[in-house]
Structure formats: structure tokens, C-alpha cells
Amino acid sequence: MHDPFLEDIKAMQELIDVLPVAVFVKDANSRFLLMNKACEEQWGVDFAELRGNDAAKFFPADQMECFLAKDKAVFSGGTLVDFEEVFRSASLGQDRIGHTFKKPIYDASGAPRYLIGVMVDITERKLAEEKLQLAALVYENSSEAMMVTDGDNRVIAINPAFTHTTGYTLEDVFGKQPSLLNSGRQDAAFYQSMLQAIKTTGHWQGEIWNRRKNGEVYAEWQSINTIFNADGSVHRHVALFSDITQKKRSEELIWKQANFDTLTGLPNRRMFHDRMAQEMKKSARADLPLALMFIDLDHFKEVNDTLGHDQGDVLLIEAARRITECVRDSDTVARLGGDEFAVILPVLEDSGSADRVAQKIIDKLARSFLLEQESVFVTASIGITFYPDDSTEIETLLKNADQAMYVAKNAGRNRFSYFTYALQEAAQLRMRLTSDLRSALEDNQFRVYYQPIVEMATGEIHKAEALIRWQHPQRGMVSPVQFIPLAEESGLINQIGDWVFHETARQVKHWRAIHAPLFQISVNKSPVQFRQNALEGESSWLAHLASLSLHGQSISVEITEGLLLNAEGDVKERLFALRDAGVQVSIDDFGTGYSSLAYLKKFDIDYLKIDQSFVSNLENDTDDLALCEAIIVMAHKLGLKVIAEGVETEAQRDILARAGCDYAQGFLFSKALPPDEFEQLLATTRLGR
Ligand code: C2E
Ligand code: MG
Ligand code: MG
């Protein structure tokens with residue numbers, strides 16, 4: 001049928017094929033009558049195939065439904081409509097979005113005749129819009145502050161986070177340079193290199209200190225990117241930054257806590273190691289020695305125990321201050337823990353200056369400390385070693401200084417001592433002896449010797465002290481003075497002490513049977529032994545005595561004053577457990593330590609053993625005589641008996657007897673003897689029964 005309308009459009013086929021939008025014409029039944037090239041391309045169909053065919057073959061069912069419904073509405077509405085639609089055809093790989101225009105054409109009678117359609121593919125635009133929307137959303141809601149500047153580096157946009165972080169609104173900053181935020185913390189060179197980086201790479205990122213509107217300086221992590229124009233000129237700079245002040249603060253705190261002592265503010269052991277390594281390098285470069293000092297406060301523990309830890313802390317802070325006063329700013333003072341400090345004197349022009357610094361520290365620390373209105377005195381012992389002469393290894397230098405410090409302590413404290421090779425040899429010997437000690441018990445190398453304790457009034461032997469001897473396979477007899485401290489350090493003293501006790505118990509049973517039923521032997525018990533599992537030590541000893549049907553009184557335990565003074569936890573209960581079983585307790589080496597009479601009463605002690613250092617001077621030192629007399633009088637007042645140790649001469653014995661001393665022990669009577677010799681001695685001596 002001739003149709004002028006359709007003919008007209010067909011005549012324009014060439015024109016409509018050039019259009020970049022899809023154009024189609026349908027009849028009243030929604031059958032395609034005409035389609036341009038763009039339409040074929042965009043829909044992925046071939047009009048030659050589509051024409052005269054059922055359109056449902058080319059479009060999915062739901063799509064067909066949409067088409068038809070829309071067409072129907074357009075015909076009944078009578079006007080041009082435009083709408084966006086998702087568009088899919090059987091051959092298209094993905095959905096497209098179209099902006100479609102449809103207009104109905106009616107015949108003279110007003111019946112629907114044609115439908116003209118135009119569709120613009122807006123898929124790309126839609127995607128771009130979505131991206132933009134997303135970007136805007138991120139921009140608006142990001143917790144990261146953003147700032148955009150133009151080619152002249154003037155601010156043109158900021159996001160809410162920017163205002164939140166800096167306090168500036170867009171009004172404040174619009175058209176201004178970002179340098180408005182500068183804090184002045186970074187120098188011109190910093191900004192120079194930043195600008196240089198942006199100029200050459202378009203990019204920069206790093207940490208920067210800026211200033212908020214309220215004047216507060218804060219740290220931020222910033223990254224700057226550049227958007228270029230086609231000609232390579234700068235279009236925009238985009239800066240992103242986040243406030244890292246809090247993070248930096250906590251990092252700083254963690255660093256401080258890890259490297260500094262919280263009490264004194266001095267570098268701690270860890271920092272000290274770092275400094276040591278640095279300063280050794282520095283000194284090596286300068287080709288000058290470095291001095292390392294270990295400082296240990298003498299009797300600090302007593303301050304802590306008597307005045308409390310709070311006051312101990314006050315003293316430590318003050319001691320740290322005094323030590324720091326004695327050194328140059330370039331020297332390091334560190335607190336290694338407890339009452340132990342270290343000083344590094346690097347690059348020493350004159351190694352004698354270590355000497356002077358040490359003496360200065362000793363003098364300063366010897367001055368009184370005012371604690372709770374009380375003047376307290378502590379002194380210091382210092383060990384000094386030199387890099388590189390004594391060693392080039394940190395660990396060895398530490399050991400050296402420590403050894404030298406102990407020499408100062410043993411030499412009477414309140415002094416300094418240098419590391420020497422003799423010290424090193426002694427330390428090596430100690431190490432070897434300690435390792436030999438481990439097998440000594442198993443290999444049956446120990447002996448117990450017995451030294452008589454003589455009753456002054458009668459000259460009778462009622463008591464003896466058990467003293468351990470070590471028959472070393474290569475070194476011969478090793479003195480307990482040498483190996484007991486090693487056994488204490490290594491903990492071996494527990495097994496060794498138990499062994500001595502068992503030997504002694506066996507021996508006292510024998511001598512009680514053949515000589516005197518009330519015979520008593522004292523064993524020395526180290527403070528370390530009081531630290532092993534509570535009460536177990538005592539109860540196993542008591543059980544052992546019971547198993548031998550021995551009364552507790554057959555044994556007495558010698559302890560030192562230090563144990564009472566530093567009595568931690570259950571020492572008192574443990575001593576009372578012994579006392580309750582009849583085991584008596586002596587204070588050994590009395591007078592060399594703290595010598596608190598109050599403690600003697602508190603712990604219900606039975607005997608005082610006056611240290612041999614007082615006894616040996618009795619004849620020519622009136623002070624020592626007075627001291628011995630005073631000890632004896634006071635001990636008696638407290639209900640304790642007194643044993644004098646180290647009595648070597650008759651004159652000493654007589655003086656002590658006159659002073660009222662109860663018992664004496666010493667070479668004058670006999671040295672410590674092996675059991676068989678001791679038994680002979682007993683046989684020749686009159687025994688009180
Ligand atoms: P201590 O308990 O004060 O023992 C007295 C020390 O003085 C003994 O030395 C003894 O031989 C010595 N001595 C006795 N009379 C005289 C004298 O007239 N003049 C002189 N100059 N010295 C005299 P020893 O046997 O060498 O023991 C030294 C220290 O080793 C003991 O001092 C004690 O503290 C410790 N010790 C010995 N055996 C043991 C043990 O089985 N266990 C523990 N924990 N320590 C022990
Ligand atoms: Mg003793
Ligand atoms: Mg003693």
C-alpha cells in the first residue's frame with residue numbers, strides 16, 4: 001500500500017543513516033518498519049533479518065513486554081514522550097541505557113498509524129555520572145582531608161574533613177595558597193624539596209607539621225597529586241591528608257617507654273646498649289678510649305626495706321640526678337635496673353678523667369639524702385673498664401665493669417675499682433669451678449669436717465660446727481669461702497646443703513650414742529636455701545630427723561643477719577617451724593652486717609656467734625673489746641647465748657671468758673677435723689653428760 005509518510009521517511013534513509021542516534025519507525029502493532037544504521041549497530045541487530053520477522057526472536061521476553069507496554073501508552077497518550085530505559089537485545093553482550101523518545105502518528109480518522117522512535121545511548125554518560133557521584137560521596141564523607149588547588153596553587157575546593165582537621169572553612173581558604181597552613185616547624189629546604197618533587201614527578205607524600213586555625217600545631221600524613229592539562233601545564237593539585245598527631249604521640253610514648261626508665265627518666269638498659277654501640281664507634285673514629293662505669297648503690301636494699309619503696313624511689317631519682325651532674329652533656333647516664341646505674345664516657349682525651357668522674361660520683365652520692373625528714377646515707381661502688389683496651393665487645397665490657405664493681409664492693413664499698421686481667425682470670429676460674437661443682441656431689445667429692453665448740457666455763461665439748469670440704473680431683477682442697485658463693489649463685493647450694501645436713505644428722509646420731517646424749521652439731525644454712533619451695537626444706541629436714549629418732553635439739557642452724565634483714569615472705573614462719581621442732585638457731589658472723597638486736601628478739605634466736613674479725617683484735621683494739629663485751633651483755637639480756645668464733649690464743653680465750661662469753665670455737669682448741677679425727681678428739685676430752 002502506498003504510504004506517503006513512510007515513503008517520505010524512506011526517501012530520507014541516507015540522512016537518517018548519518019545520524020549518531022538510533023532512529024526507528026514501527027506500525028500500530030509495534031512491528032518495525034524502518035531502522036537506521038546507528039539503530040542496527042547500537043542494538044546489535046540486522047534490519048534485513050528483523051523486518052517481517054517476529055521481533056520476539058531478537059529481544060528477550062521481558063524487553064519485548066516493556067516495548068509493547070510503552071508503545072501502547074504512547075499511542076493512547078498521543079504525545080511525544082521521552083524516558084530512560086535499560087535496553088537489551090539477544091545479541092548484545094551487556095545491558096545499555098538509552099534515552100528514548102517515542103512519538104505516535106495517527107491517520108485521518110485518529111487511529112494509531114506509526115510510532116517514531118529515537119534512542120540516544122547514554123550508557124557511557126551514565127557510568128561517568130555514577131563515578132562522579134561516587135567520587136563526590138567519597139570526597140564529602142571521607143575522613144581524609146582533601147584540598148584542591150588550581151594551576152596557580154590557589155585553593156579552589158576543600159571537603160568537610162579538611163574543615164574538621166584544620167578548622168578552616170572554604171571561605172577562609174578560597175583563593176589562598178596552601179602555605180597558609182604552614183607551622184614553621186619545617187625549614188625552607190623541606191618545602192623546597194617538596195615543591196621540587198611535585199614539579200618533576202607530579203607527586204609527593206610524607207609527614208608534615210601544619211597549624212590549625214586555632215594555632216595548634218599537628219602532624220599529618222600528606223600526599224599530593226597533580227592533574228595536568230593536555231599541554232602539560234598544571235590543571236589541579238589534589239592534596240589528601242590525615243591527622244597523625246595522636247598516632248605520633250602514642251608512637252613516641254611507646255618509644256619512650258621502651259627506651260627510658262620511667263622512674264628516673266634515664267635511658268634504660270636497652271637504650272644504654274644502643275648508646276654504647278654508637279659511642280664505641282665514635283670513640284674508635286676519634287681514636288680515643290671510652291670508659292664504661294657500673295655504679296651500684298651500697299645498702300640501698302636496706303633503705304627500701306626500712307623506709308618503704310616510695311622513699312627508695314625518691315632516693316633513686318635523686319641519685320640519678322647527682323650522677324648526671326657529674327658528667328658532661330655528651331656522656332650517657334643510664335639506669336640498668338634496681339639500684340644499678342651505668343655511665344658511658346666516650347672520646348676520652350685523658351683517661352685519668354674517668355678516675356675523677358668516678359670519685360666525684362662517689363663523693364656526691366655519699367652526701368646525705370633527705371627522705372621523709374630523715375637523713376639517709378648510702379654510698380656507691382663503681383667498676384670501670386675501658387674500650388678498646390679491655391675489650392672491643394659490648395658484652396665483655398659489661399662483664400668487665402660488673403666484675404670491677406664487685407671488687408669495689410668486696411674491698412669495702414664506697415670506692416671504685418678498675419677492671420684488670422687478674423679479675424678476668426678469677427671470673428674464668430669461677431666459671432670453671434661452677435661447672436665442676438655440678439658433678440662434685442655425684443662424684444662424692446665433698447666431705448664434712450667438724451670443729452668443736454667449747455664451753456667456756458668447763459672446757460667441755462658439747463657442740464661442733466659442720467663445715468663442708470671439697471676434695472677437687474685436680475685442684476685439691478677447695479675452700480668453702482671460694483665455692484659456697486658459686487653454689488649459691490647456681491642454686492646447687494640446695495642439694496649440697498641437704499647433703500651436708502644428712503651427713504651431719506647421721507654423725508650426730510652416732511656421737512650422741514657413743515659420747516654425749518645431748519651432743520649438738522650446727523650446720524650452716526645459706527639464705528638461698530630459705531628461698532626454695534616454702535617450708536619444704538624445713539619439713540623434709542624435720543622428717544629426716546624424726547626418721548632417725550633424733551630430737552630437733554641435736555641440730556642447730558647457722559644463718560646470717562642478712563637473712564633476717566631481708567626476710568621476704570615466709571622466712572619467719574620457716575624459722576619458727578624449726579624452733580617449734582626444737583632446732584636451735586644461731587646468727588653467724590655477728591657484727592659484720594646490720595646487727596639489729598631487735599631482729600634477734602623478733603625471730604627468737606638462740607645463739608650469737610661473734611665474728612672472728614672482732615675476736616682477732618681483742619688483745620690490741622679496745623674498741624673491739626668494748627664491742628664484744630657489749631654484744632655479750634646485750635645478748636644475755638635478750639636471753640641468747642654467745643659463741644666466739646676464731647679464738648686462736650689463750651689471751652683471747654681469757655678475755656672472752658672474763659667478758660662472760662658462753663662458748664668459744666677456734667684453732668686454739670682445734671681446727672675442723674674429719675669425723676674419725678674428731679672422734680679421737682672427743683675421746684680425749686672430758687664430756688659433760
Ligand atoms: P663460718 O660458718 O663462719 O665458719 C667458720 C669458719 O672459720 C670456718 O672456715 C672455720 O674453719 C674458720 N675458723 C674456725 N676457727 C678459726 C680460727 O681460729 N681462725 C681462723 N682464721 N679461722 C677459723 P671454713 O670451713 O673455711 O668455712 C668458711 C665459711 O664457709 C663458713 O664460715 C660458712 O659461712 C661457709 N660454709 C662452710 N660449710 C658450709 C656449709 O655446709 N653450708 C654453707 N651454706 N656454708 C658453709
Ligand atoms: Mg658457721
Ligand atoms: Mg662465722
Side-chain angles (χ1 to χ4, degrees), residues 410 433 437 440-441 445-454 461 463-472 476-508 520-532 537 541 555-563 584-593 605-619 641-653 655-656 661 663-675 677-678 681:
N410 290 334
L433 278 182
L437 259 187
L441 203 53
Q445 292 166 7
F446 291 122
R447 307 277 175 272
V448 181
Y449 280 26
Y450 300 89
Q451 186 179 31
I453 298 174
V454 178
I461 302 173
K463 301 176 190 299
E465 177 175 4
L467 294 161
I468 192 169
R469 296 290 175 262
W470 182 10
Q471 186 64 53
H472 190 285
M477 207 59 114
V478 181
S479 162
V481 176
Q482 211 176 353
F483 73 82
I484 292 291
L486 304 181
E488 288 178 331
E489 275 166 37
S490 58
L492 289 167
I493 191 69
N494 287 315
Q495 290 134 269
I496 296 174
D498 283 347
W499 178 82
V500 170
F501 170 74
H502 281 87
E503 280 297 299
T504 305
R506 201 169 49 77
Q507 203 58 65
V508 78
Q520 181 187 55
I521 305 182
S522 59
V523 291
N524 294 281
K525 189 160 182 177
S526 151
V528 176
Q529 290 171 272
F530 279 92
R531 259 178 254 145
Q532 74 177 340
W541 282 23
I555 293 287
S556 115
V557 170
E558 298 194 8
I559 59 173
T560 50
E561 295 165 82
L563 178 72
Q584 294 189 306
V585 179
S586 317
I587 300 297
D588 209 348
D589 309 336
F590 188 78
T592 56
I605 302 300
D606 303 286
Y607 301 98
L608 275 195
K609 299 188 78 171
I610 300 179
D611 191 67
Q612 44 182 278
S613 57
F614 298 105
V615 173
S616 66
N617 280 330
L618 272 184
E619 289 160 77
K641 298 255 187 251
V642 179
I643 302 169
E645 289 188 279
V647 178
E648 294 181 348
T649 67
E650 286 175 358
Q652 288 164 355
R653 180 196 59 193
I655 293 172
L656 287 161
C661 185
Y663 297 92
Q665 177 184 355
F667 294 167
L668 174 66
F669 310 102
S670 167
K671 58 184 175 69
L673 301 170
E677 288 178 35
F678 186 85
L681 178 74

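This structure is a prediction, so every number in the text was calculated from the model and none was measured. Counting convention: from 1, in listed order, for ligands and their atoms alike.
Restricting E465 to its N, O or S atoms, the one at the least distance from the Mg ion (ligand 2) is OE2. Shortest distance from the Mg ion (ligand 2) to D588 is reached at OD2 (N/O/S atoms only). Looking only at N/O/S atoms, E558 comes nearest to the Mg ion (ligand 2) through OE1.
Within the 4.0 Å heavy-atom criterion, the part of Q612 lying near ligand 1 is the side chain and not the backbone. Only the side chain of D588 comes within 4.0 Å of ligand 1, judged by heavy-atom distances. Residue-level proximity to ligand 1 for L467 is carried by backbone and side chain together, each with a heavy atom below 4.0 angstrom.
Annotation: F483 is in aromatic contact with F446 [ring centroid separation under 6.0 Å].
Close contacts of ligand 1 with S526, meaning ligand atoms under 4.0 Å from a residue heavy atom, involve 44 (N). Those atoms of ligand 1 that come under 4.0 Å of a heavy atom in E648, given as number and element, are 17 (C), 18 (O), 19 (N), 20 (C), 21 (N). Shown in contact with V481 at under 4.0 Å from a heavy atom are these atoms of ligand 1, numbered in order with element: 28 (C). Within the listing of ligand 1, atoms 41 (O) sit less than 4.0 angstrom from a heavy atom of V500.
Between A466 and ligand 1, not a single N/O pair is under 3.5 Å apart. Here's the thing with I468: one of its N/O atoms is less than 3.5 angstrom from an N/O atom of ligand 1.
With hydrogens and angles disregarded, no donor-acceptor distance shorter than 3.5 Å links the side chain of S586 to the backbone of D588. Listed for the E503 side chain is no donor-acceptor partner under 3.5 Å among the backbone atoms of V500. Q665 places no side-chain N or O within donor-acceptor distance of the main-chain N or O of V647, the cut-off being under 3.5 Å. Using modelled atom types, one side-chain atom of Q652 and one backbone atom of E648 make a donor-acceptor pair closer than 3.5 Å.
For the pair K609 and E558, the salt-bridge criterion is met [side-chain N within less than 4.0 Å of a carboxylate O].
In this structure, N524 and E465 approach most closely via the heavy-atom pair ND2-OE2, 2.8 Å.
Here OH of Y663 is found 5.0 Å from OH of Y607. Values are rounded to the nearest 0.5 Å. Note that the CG atom of L467 and the OH atom of Y449 stand 11.0 Å from one another [nearest 0.5 Å]. Q451 CD to I521 CD1: the interatomic distance, rounded to the nearest 0.5 Å, is 12.5 Å. Between I587 atom CD1 and I643 atom CD1 the span is 11.0 Å, to the nearest 0.5 Å.
Under 2.8 Å from the Mg ion (ligand 2) lies no N/O/S atom of D589, from backbone or side chain alike. Residue side and main chain included, S522 places no N/O/S atom under 2.8 Å of the Mg ion (ligand 2).
Using a 4.0 angstrom heavy-atom cutoff, E465 counts as in contact with ligand 1. Not a single heavy atom of K671 sits closer than 4.0 Å to an atom of ligand 1. Remark: distances from the non-hydrogen atoms of E645 to ligand 1 include one below 4.0 Å.
Around atom 46 (C) of ligand 1, the closest heavy atom drawn from V647, L668, N524 belongs to N524. Atom 15 (N) of ligand 1 has its nearest heavy-atom neighbour, among Q665, Q451, Q529, in Q451.
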### Task
Would you check, one step at a time, whether the test side-chain contact (heavy atoms from CB on, under 4.5 Å) holds for Y450 with V448?
CA-CA 7 Å; Y450 300 89; V448 181; 3.5 Å; yes
